[in-house]
2 protein chains.
Amino acid sequence: MHMTVDQRSPRHSPQTCSVIAEHLSRIGDRWTLPVVVTLRDGPLRFNQLRRGVGGISQQMLTRTLRALERDGMVDRTVHPTVPPQVEYALTALGGSLGDQALQLGSWIVANLAEIERCRSAFDAEKA
Amino acid sequence: MHMTVDQRSPRHSPQTCSVIAEHLSRIGDRWTLPVVVTLRDGPLRFNQLRRGVGGISQQMLTRTLRALERDGMVDRTVHPTVPPQVEYALTALGGSLGDQALQLGSWIVANLAEIERCRSAFDAEKA
DNA sequence: CGGAATCCTAAGTGATACTG
DNA sequence: CAGTATCACTTAGGATTCCG
């Protein structure tokens, strides 16, 4: 942080860039970051998490959690009770991703009005 | 920058979150950030930019640039020569987005090995 | 309760051909 | 050179149904 970004340095090799792009579109999908951000407030069970995120289908929550689990962002703990209870919690890695998500979120919030203004102007002169 | 992110603060209302998610999946697509990052080194013409990004089809570059222009991230300047020359440059807003992209990129690079390790472990125990 | 399986639609993306 | 138009393909995502 506070690293001064050189305006003209290439910074990453093309291959590295494509790897970055790959992971970026991975976590930039519709639900990954909302789920991660929701889990920052503490571990949740499946349906608690689903309500917390809001608007996500059962299937997409399952898929998103599997992907996050696979990437080491989320821990899945099954309590052998009946009915079964499954608890999801962020790993350290996942928490770190959450930090990034919040930063990006802050940037978006900070620039939202400007973006909307630009869109309106663009659309207006197209008409 | 350097804002300490409170581990447990709710941070954003649900509506705000969904707006964030919306913009996030907007810029989290396959090409937006690669294009923005490429443009950080200075203005480029269409085909220069295409070569710089690498691997992008002509159609996707056009669409990505239109979307960026609409959002006020990129300026498009047509020089009335023959054959026509069109120059694309980041706006201040676009540069700011580029900064965010680089930060996220740095996070990905820093955690790539760990992620890959987790994936291998996950896939292994699935077999 | 926490999923898996299946079906379906819409959107993202690439390839190709054509144009001012 | 810098696009536009069209088509075909793949994927994301929702809805529904069924299971341990």
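Here is the naming used below: chain letters follow the sequence lines, and residue numbers restart at 1 for every chain. Keep in mind that this is a model prediction, so the values were computed, not measured.
Over its full length, the helix from C/dC1-D/dG20 to C/dG20-D/dC1 turns its helical axis through 40°, comparing axes from the five pairs at each end and rounding to 10°.
Residues that satisfy the side-chain contact (heavy atoms from CB on, under 4.5 Å) test with B/Leu24, not counting sequence neighbours, are A/Leu33, A/Leu104, A/Ile108, B/Ile20, B/Ile27. With sequence neighbours left out, the salt bridge (charged side-chain N to carboxylate O under 4.0 Å, His left out) criterion links A/Arg119 to B/Asp71. Remark: B/Glu114 pairs with B/Arg117 by the salt bridge (charged side-chain N to carboxylate O under 4.0 Å, His left out) rule, at least two apart or across chains. Applying the side-chain contact (heavy atoms from CB on, under 4.5 Å) test to B/Ala67 and every residue at least two apart in sequence or in another chain returns B/Arg26. The side-chain contact (heavy atoms from CB on, under 4.5 Å) search around A/Val82 returns none, not counting sequence neighbours. Judged as a salt bridge (charged side-chain N to carboxylate O under 4.0 Å, His left out), and not counting sequence neighbours, B/Arg30 has no contacts.
A/Arg45 places none of its side-chain heavy atoms less than 4.5 Å from the side chain of A/Asn47. Counting heavy atoms from C-beta on, the side chains of A/Thr32 and A/Met73 never come closer than 4.5 Å. Contact of the A/Leu97 side chain with the A/Leu93 side chain is not registered, since no non-hydrogen atoms from C-beta on lie closer than 4.5 Å.
Contacts between residues 70-81 of chain A and DNA chain D, defined by a heavy-atom separation under 4.0 Å, are absent.
Under 4.0 angstrom from either OP1 or OP2 of D/dC1 there lies no side-chain N or O belonging to B/Tyr88.
At distances below 3.5 Å, not a single donor-acceptor pair connects side-chain atoms of B/Ser96 with backbone N or O atoms of B/Ala92.
Between A/Thr62 and B/Gln58, the residue whose closest nucleotide on DNA chain C is further toward the 5' end is A/Thr62.
Under the salt bridge (charged side-chain N to carboxylate O under 4.0 Å, His left out) criterion, no residue pair touches residues 77-89 of chain B, with sequence neighbours excluded.
Nearest heavy atoms, A/Val74 versus A/Leu65: CG1-CD2, 4.5 Å.
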Check: residues 50-60 of chain A side-chain donor-acceptor pairs under 3.5 Å, at least two apart:
{"residue": "A/Arg50", "atom": "NE", "partner": "A/Ile56", "partner atom": "O", "Å": "3.0"}
{"residue": "A/Ser57", "atom": "OG", "partner": "A/Met60", "partner atom": "N", "Å": "3.2"}
{"residue": "A/Gln58", "atom": "NE2", "partner": "A/Thr62", "partner atom": "OG1", "Å": "3.4"}
{"residue": "A/Gln59", "atom": "OE1", "partner": "A/Arg63", "partner atom": "NE", "Å": "3.1"}
{"residue": "A/Gln59", "atom": "OE1", "partner": "A/Arg63", "partner atom": "NH2", "Å": "2.5"}

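Running 5' to 3' along DNA chain C, contacts with non-hydrogen atoms of chain B at under 4.0 Å begin and end at C/dT13 to C/dG20.
Atom CD of B/Glu87 is separated from atom C1' of D/dG3 by 17 Å (rounded to the nearest Å). Distance CZ (B/Arg50) to P (D/dC1): 11 Å, rounded to an integer number of Å.
Contacts of B/Arg26 with the nucleic acid, taken as non-hydrogen atoms under 4.0 Å apart, are absent.
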Letter per nucleotide, 5' to 3', of nucleotides 7-15 of chain D [B base touched, S only sugar-phosphate touched, - untouched; heavy atoms, 4.0 Å]: ------BBB

